[in-house]
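Working notes for the structure below.
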Amino acid sequence: MVTDQAGENILAKVARELVASRKGILAADESTGTMKKRLDAIGVEATPENRAMWREIMAGAQGIEETISGEILFDETLRSPLPNGKMISDLLKSKNIHPGIKVDGGVVKINEQGETFTQGLDNLETRLMEYKKMGATFAKWRAVYKIGEKMPSTVAVTSNSIGLAQYAFLCQRVGLVPIVEPEILVLEGNHDINKSKEVTTVVLKDVFYWLKQFGVQLNGMLLKPNMVLPGKDSQNKSSAEEIARLTVETLKATVPPEVPGIVFLSGGLTPDQSTEYLKTMNAMYPGLSWQLSYSFGRALQQEALQAWMGKSENVKATQDAFMVRARKVSQARDGK
Ligand code: 13P
C-alpha cells in the first residue's frame with residue numbers, strides 16, 4: 001500500500017478528494033479523432049493548436065476549482081505545453097485540481113455484432129509510471145458494451161472485466177487512482193429501462209468480481225458507470241424519478257460500500273438531462289455509502305463549445321457558459 005509521510009493511504013486520499021463535496025470530474029480526454037468530431041461541429045479546424053487552445057480555455061476558467069476536483073486528459077494534452085507556454089498539469093495543480101489521464105487504447109471489434117474489448121495493456125505499467133512523472137494522480141480506462149438480443153455476450157463481459165481489473169491493479173501498484181469505466185451504450189436501441197437495469201447489473205457484478213480477484217483496493221478507486229436509462233427508441237419513456245430509482249437500486253446491488261464514489265458519464269444525454277438525473281438521485285437518496293458525482297465530458301463542454309466557435313472574442317462567454325453548467329452540476333450533487 002502506498003502511503004505518504006504521515007502514513008496515510010494516498011490512493012484512498014486522492015479518491016476521496018476527487019469526490020469531495022460539490023465537486024466532480026471534467027472528462028476532457030477526447031482522443032484526437034473524437035476531438036475532431038467536436039471541433040468539426042463548430043467549424044473549427046482540428047489542429048494541435050486549436051485542441052490546445054480549447055483545453056487552455058476550459059482549464060483557465062475562473063472559479064473552475066470550486067466545481068471541478070479533477071480533469072481527465074488525453075496524452076497529447078498532458079504532454080504538450082498550452083498556448084501560454086505552461087504545462088496543463090501545473091496549471092491544474094496550481095488550482096488544486098487533480099490531473100488525470102486516459103490510458104486505454106480504444107476498442108477493437110470482436111464479432112459481427114460489433115461488440116468490442118478495450119486494448120492498451122501492453123507496456124501499461126511503463127506508461128503509467130511516465131504519466132505519474134508528468135503529474136497525473138489518477139487514470140481512466142473505458143470499456144464499452146452494447147445491448148441487444150444476445151448482447152452483451154459472455155466474451156464481451158468477461159474480457160472487458162478482466163481488462164478493467166488488470167488496468168486498475170497496475171494503476172494502484174504505480175500509485176495512480178484508477179477510474180473504472182464500464183460504459184453500456186444504454187441509449188442505443190429500443191429496449192426499456194428494465195433491460196438496461198438487467199444488463200448494467202450483470203456487467204457491474206462481473207467487473208467487481210474481477211476487481212476483487214485481482215486484489216484491487218476498493219477504497220482507492222472510483223467507478224464511472226452509465227445511468228440506467230431506456231433506449232432512445234423505446235416506446236416506454238421514463239421519468240427522472242424512475243431513472244434515479246433504478247440506477248441507485250442497480251448500484252446498491254453491485255457496488256461495494258468501500259468504493260468512495262461513483263462518477264457518472266453523460267453518455268449522450270443532454271446537459272440538462274444529465275444534471276436533472278444526478279440531482280434527482282441525490283435528492284431521493286441522501287446518505288448513500290458512496291458519493292454520487294460526475295465525470296461528464298459532453299454534458300460539461302457542449303454548451304461552452306457552442307459559445308466558442310473558435311473565436312478569441314468569445315473566450316469569456318465560453319468560460320462563462322462552462323461555469324454556468326459546472327455550477328448547476330455541482331449543485332446537483334446536493335440534490336438541488
Ligand atoms: P461523456 O460524458 O460525453 O459520455 O464522456 C465521458 C467519458 O469520459 C466517456 O469516456
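Given the structure is predicted, the values throughout are model-derived calculations rather than measurements. Because only heavy atoms are used, hydrogens play no part in the values below, and waters and symmetry mates are left out as well, while side chains stay in. As the structure lists them, so they are numbered: ligands from 1, and atoms in each ligand from 1.
- In terms of polar-atom proximity, Gly267 is counted as a contact of ligand 1, with an N or O under 3.5 Å from an N or O of the ligand.
- Enclosure of atom CZ in Arg22 is not indicated, since only 12 or fewer non-hydrogen atoms of other residues, nucleotides or ligands lie within 6.0 angstrom.
- Considering Arg298, Gln302, Lys140 only, the shortest heavy-atom separation from atom 10 (O) of ligand 1 involves Lys140.
- Summarising the contacts of atom 6 (C) of ligand 1 with Gln301, Glu183, Lys224, the nearest heavy atom is found in Lys224.
- Of all the heavy atoms in Thr250 and Thr201, the pair that sits closest is CG2-OG1, 3.5 Å.
- Backbone and side-chain nitrogen or oxygen atoms of Gly297 are examined, and one is located within less than 3.5 angstrom of a nitrogen or oxygen of ligand 1.
- More than 12 heavy atoms of other residues, nucleotides or ligands lie within 6.0 Å of NZ in Lys95, so this atom counts as buried by the packing criterion.
- Both the backbone and the side chain of Ser266 come within contact range of ligand 1, each with a heavy atom under 4.0 Å.
- No more than 12 heavy atoms of other residues, nucleotides or ligands sit less than 6.0 Å from atom NZ of Lys316.
- Below 3.5 Å of separation, one finds an N or O of Glu181 facing an N or O of ligand 1.
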Derivation and outcome, side chain to side chain contact (heavy atoms under 4.5 Å, CB included), residues Ile101 and Leu128: CA-CA 9 Å; Ile101 178 77; Leu128 294 174; 5.7 Å; no

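- Residue Ala27 approaches ligand 1 through these ligand atoms, each under 4.0 Å from one of its heavy atoms: 8 (O).
- The contact set between ligand 1 and Phe296, taken as ligand atoms under 4.0 Å from a residue heavy atom, comprises 2 (O).
- Counting only N and O atoms by type, the side chains of Ser295 and Lys224 include a donor and acceptor under 3.5 Å apart.
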